[in-house]
Undergrad: 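The structure's right below; bear with me while I get my questions together.
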Amino acid sequence: MAEDVVDLCAALLRIDTTNHGRGESAGEREAAEFVAAHLEAAGVPATLLEPAPRRTNVLARVPGTEPDLPAVLVQAHLDVVPADPAEWSVPPFGGIERDGYLWGRGAVDMKDMVAMVLSVVGTWAREGRAPRRDVVLAFVADEEDTGAYGAHWLVDHHAGHFAGCAAAISESGGFSHRTFDKRIYPIGTAERGTSHLRLTATGRAGHGSRRNEDNAVLKLVNALGRLAALRHPVRLTPAVRAFIEQVGAALGVPVDLDDVDATIARFGPAAKLVENTVRNSTTPTVLDAGYKVNVIPGSASAEIDVRTLPGTVDELLAAVDDALGPDVRREFLQHQPPVQAPIDSPWFDAMADALRAEDPEAVVVPYCLGGGTDAKAFSRLGIDCYGFAPLHLPEGFDYRSLTHGVDERVPVEGLRFGARVLDRFLSS
């Protein structure tokens, strides 16, 4: 008897795979071994690859009955962000089932998806079924930091494993979102780019009591003020435009693309799915200057989280440079361009069909992710990447706030729903 998806997810949640950043992580090896063992038990050979000790990735391929069809990649990360037990009402790595939910760090980001995929593969083995096309699997390390030990490393060093993959699915899409009397299921077809910047101002160091017209701190603060004052224009990418038009039609809300902000405000709870993706963003997050209150430092720096919509990177960076002026230089800490996949495609249609087969009232729409995923790595191989980790969520369940949040949890029936949807999609 194959394990229930809830049991699989609970077991994964009990493996602490905290990614602390800066190359420090726990438990990725144990989680990878768990995944590999379940794949092997289902008759699917698995390969473990490590770019560094215990930073473990799992690769596998389930052969399809029609191998000439384009393959589909399912990619999911095994690591999670830190969780402070003092803030939680349950142990974050307890994998506890309570009140119809499975609680634990990674429940929605994204060990739920890992468990659903293992459940589907196990069901195929138990029932003697196989997908039509090859299903390529990648369970990776390090998504919660830079991906240097995970997806980006695999793309750089093991690209051959992904040969023949035309499309990929992963996190941040396919979940239900109750809005008024409709259940909206957004499928990620794009995501904003990530351009983390370090800004540095230099000046003349000196005593804090003396006049100094070449103060690095003032140069930096003034530049940050100009940056904060930027009002980035609305830029409607295909995914965002389609989301606005289709959600408006489903809700019976008038859509005015000349006043996007007012239109979105009429969307009620669905506004949260789109409000951060109609513009670029430049958010200061780190400041570093000085070492003693009576000393003017010779340099000051800041780090900026910059998110860019597809087709807008050059425009955004030009606006940043204009705001910074000549006294502040910038450098990239990370620069990953935005990605987008076709909305009008058989892949999107198949995902929508799988959702509607399990929920006939589903309103399926494309959307753009405000943050980033490992799609930025796999898209480098020419693979169309979609956010599709299906879940049926109870009304009022704030899925998005629980990602990286306290008391992260996933509804058990939502997990079972997601496994059925994935089975339909991956079997098609």
Undergrad: Would you kindly say whether Thr373 and Glu191 are connected by a side-chain donor-acceptor distance under 3.5 Å?
TA: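 The answer is yes; a qualifying pair exists.
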Undergrad: Using the side chain to side chain contact (heavy atoms under 4.5 Å, CB included) rule, take Glu171 and Thr403 through it: C-alpha gap first, then chi angles, then the decisive distance, then the call.
TA: CA-CA 11 Å; Glu171 61 185 321; Thr403 300; over 6 Å; no
Undergrad: Would you call Asp4 and Arg416 a salt bridge, taking side-chain N to carboxylate O under 4.0 Å as the test?
TA: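 Looking at Arg416 together with Asp4, the answer is yes, because their closest N to O distance falls below 4.0 Å.
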Undergrad: Could you walk me through whether Arg54 and Glu30 pass the salt bridge (Lys or Arg N to Asp or Glu O under 4.0 Å) test, one step at a time?
TA: CA-CA 8 Å; Arg54 299 184 56 77; Glu30 286 75 15; 2.6 Å; yes
Undergrad: Could you measure the distance from the OG1 atom of Thr312 to the CZ atom of Arg279? Nearest 0.5 Å is fine.
TA: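 Reported to 0.5 Å precision, the distance equals 12.5 Å.
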Undergrad: So His392 and Tyr185, do their side chains get closer than 4.5 Å, heavy atoms only?
TA: yes
Undergrad: Do side-chain atoms of Asn19 reach the backbone of Asp79 as a donor and acceptor pair under 3.5 angstrom?
TA: no
Undergrad: Would Thr56 and Glu28 count as having a side-chain donor-acceptor pair, cut-off 3.5 Å?
TA: no
Undergrad: Tell me whether the rings of Tyr101 and Phe397 are parallel (<30°), tilted (30 to 60°) or perpendicular (>60°).
TA: parallel
Undergrad: On the ring face of Phe93, is Arg14 found with NZ or CZ under 6.0 Å from the centre and within 45° of the axis?
TA: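 Here Arg14 fails the 6.0 Å and 45° test against Phe93.
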Undergrad: Hey, is the main chain of Glu97 close enough, under 3.5 Å, to the side chain of Trp103 for a donor-acceptor pair?
TA: no
Undergrad: Salt-bridged, Glu315 to Arg235, with N to O below 4.0 Å?
TA: yes
Undergrad: Verify the neighbour count for atom CG of Asp344: are there more than 12 heavy atoms of other residues, nucleotides or ligands below 6.0 Å?
TA: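 Open: at most 12 neighbouring heavy atoms sit under 6.0 Å from CG of Asp344.
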Undergrad: Determine the interplanar angle of the His177 and Phe175 rings, folded into 0 to 90°, and report it as parallel if under 30°, tilted if 30 to 60°, perpendicular if over 60°.
TA: perpendicular
Undergrad: Quick one: CG on Leu309 to CG on Leu236, what's the gap to the nearest 0.5 Å?
TA: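 So the gap between those two atoms works out to 9.0 Å.
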Undergrad: What are the two closest heavy atoms between Lys376 and Gly372, and how far apart are they?
TA: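 Here Lys376 and Gly372 meet closest at NZ-CA, 3.5 Å.
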Undergrad: Any side-chain to backbone donor/acceptor pair from Asp407 onto Ser89? Under 3.5 Å, distance only.
TA: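 Yes: the side chain of Asp407 pairs with the backbone of Ser89.
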Undergrad: Evaluate the side-chain proximity of Trp124 to Asp423: yes if any heavy-atom separation is below 4.5 Å, no if none is.
TA: yes
Undergrad: Could you tell me whether a side-chain N or O of Arg133 sits under 3.5 Å from a main-chain N or O of Pro67, the two making a donor and an acceptor?
TA: no
Undergrad: Mind checking ring pair (Phe, Tyr, Trp, His ring centres under 6.0 Å) for Phe162 and listing every partner two or more places apart, or none if nothing turns up?
TA: Phe378
Undergrad: A side-chain contact here means heavy atoms from C-beta on lying under 4.5 Å apart; do Leu316 and Val306 qualify?
TA: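 Yes - at least one pair of side-chain heavy atoms lies under 4.5 Å apart.
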Undergrad: Taking the six-membered ring of Phe332, is NZ or CZ of Arg330 closer than 6.0 Å to its centre and within 45° of its axis?
TA: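 That pair qualifies as a cation-pi contact.
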Undergrad: As an exercise, state the distance from CZ of Phe34 to CZ of Arg29, rounded to the nearest 0.5 Å.
TA: 15.5 Å
Undergrad: With the side chain counted from C-beta on, respond yes when Pro186 and Leu273 share a heavy-atom pair under 4.5 Å apart, and no when they do not.
TA: yes
Undergrad: Go through the steps to decide whether Trp153 and Leu49 satisfy the test side chain to side chain contact (heavy atoms under 4.5 Å, CB included), and finish with yes or no.
TA: CA-CA 10 Å; Trp153 179 78; Leu49 296 170; 3.9 Å; yes
Undergrad: For side-chain hydrogen bond (donor to acceptor under 3.5 Å, both in side chains), just list the numbers for Asp109 and His77, CA-CA rounded to whole Å, side-chain angles, deciding distance to a tenth of an Å, and then say yes or no.
TA: CA-CA 8 Å; Asp109 186 19; His77 64 86; 3.0 Å; yes
Undergrad: The criterion is side-chain contact (heavy atoms from CB on, under 4.5 Å); which residues satisfy it with Val253, sequence neighbours excluded?
TA: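 Expected list: Leu251, Arg266, Phe267.
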Undergrad: Verify, without hydrogens or angle tests, whether Asp288 (side chain) and Ser301 (backbone) share a donor-acceptor contact under 3.5 angstrom.
TA: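 Here the side-chain-to-backbone pair does not exist.
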Undergrad: Decide yes or no on side chain to side chain contact (heavy atoms under 4.5 Å, CB included) for Arg356 and Val364, but give the supporting numbers first.
TA: CA-CA 8 Å; Arg356 286 191 288 261; Val364 184; 4.0 Å; yes
Undergrad: When you compare the side chain of Val74 with that of Val135, does any pair of heavy atoms fall below 4.5 Å?
TA: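 When only atoms from C-beta onward are counted, Val74 and Val135 do touch, with a gap below 4.5 Å.
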Undergrad: Would you say Thr263's side chain and Val255's backbone share a donor-acceptor pair under 3.5 angstrom?
TA: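 No, Thr263 side chain to Val255 backbone: no donor-acceptor pair under 3.5 Å.
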Undergrad: Would you check if Leu39 and Val121 make a side-chain contact, meaning some heavy-atom pair closer than 4.5 Å?
TA: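 Leu39 vs Val121: side chains touch.
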Undergrad: Side chain to side chain contact (heavy atoms under 4.5 Å, CB included) for Leu102 and Arg409? Distances and angles first, verdict last.
TA: CA-CA 5 Å; Leu102 194 56; Arg409 59 196 180 275; over 6 Å; no
Undergrad: Does a donor on one side chain and an acceptor on the other come within less than 3.5 Å for Tyr399 and Ser172?
TA: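 There is no such pair between these side chains.
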Undergrad: Taking 4.0 angstrom as the limit, do Arg307 and Asp305 come out as a salt bridge?
TA: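 Answer for the salt bridge query: yes.
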Undergrad: So, the side chain of Arg55 versus the backbone of Tyr149: is there a donor-acceptor pair under 3.5 Å, distance only?
TA: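 Looks like no, no N/O pair under 3.5 Å.
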Undergrad: Could you check whether any side-chain N or O of Thr179 sits under 3.5 Å from a backbone N or O of Lys182, counting only pairs where one atom can act as donor and the other as acceptor?
TA: no
Undergrad: Quick one: do the His335 and Thr194 side chains pair a donor with an acceptor below 3.5 Å?
TA: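 Thr194 and His335 do not have a side-chain donor-acceptor pair below 3.5 Å.
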Undergrad: Given side chains that start at C-beta, do those of Asp322 and Arg226 come closer than 4.5 Å, heavy atoms only?
TA: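 No. Closest side-chain heavy atoms not under 4.5 Å.
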Undergrad: May I ask you to say whether Arg129 pairs ionically with Glu127, meaning some side-chain N is under 4.0 Å from a carboxylate O?
TA: yes
Undergrad: Between Glu40 (side chain) and Ala46 (backbone), is there a donor-acceptor pair under 3.5 Å?
TA: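 Pair found, side chain donor or acceptor close to backbone of Ala46.
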Undergrad: Could you measure the distance from the CG atom of Asp134 to the CG atom of Leu73? Nearest 0.5 Å is fine.
TA: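 CG of Leu73 is found 12.0 Å from CG of Asp134.
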Undergrad: Tell me which one of Thr189, Ile264, Val234, Val274 satisfies side chain to side chain contact (heavy atoms under 4.5 Å, CB included) with Val240.
TA: Val274
Undergrad: Just by distance, do the side chain of Ser427 and the backbone of Arg424 share a donor-acceptor pair under 3.5 Å?
TA: no
Undergrad: About how many Å separate CD1 of Ile304 and OG1 of Thr283, when rounded to the nearest 0.5 Å?
TA: 8.0 Å
Undergrad: Hey, what do you get for CG (Leu369) to OG (Ser170), rounding to the nearest 0.5 Å?
TA: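 Going from the CG atom of Leu369 to the OG atom of Ser170 covers 9.5 Å.
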Undergrad: Might you confirm whether atom CD of Glu361 has over 12 heavy atoms from other residues, nucleotides or ligands at distances under 6.0 Å?
TA: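 Counting neighbours around CD of Glu361, 12 or fewer heavy atoms of other residues, nucleotides or ligands fall under 6.0 Å, so no.
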Undergrad: Gln246 versus Val365: any side-chain heavy-atom pair under 4.5 Å?
TA: yes
Undergrad: Would Asp16 and Arg105 count as a salt bridge (Lys or Arg N to Asp or Glu O under 4.0 Å) if you check the C-alpha gap in whole Å, the side-chain angles of each, and the deciding distance to 0.1 Å?
TA: CA-CA 8 Å; Asp16 181 351; Arg105 173 60 83 219; over 6 Å; no
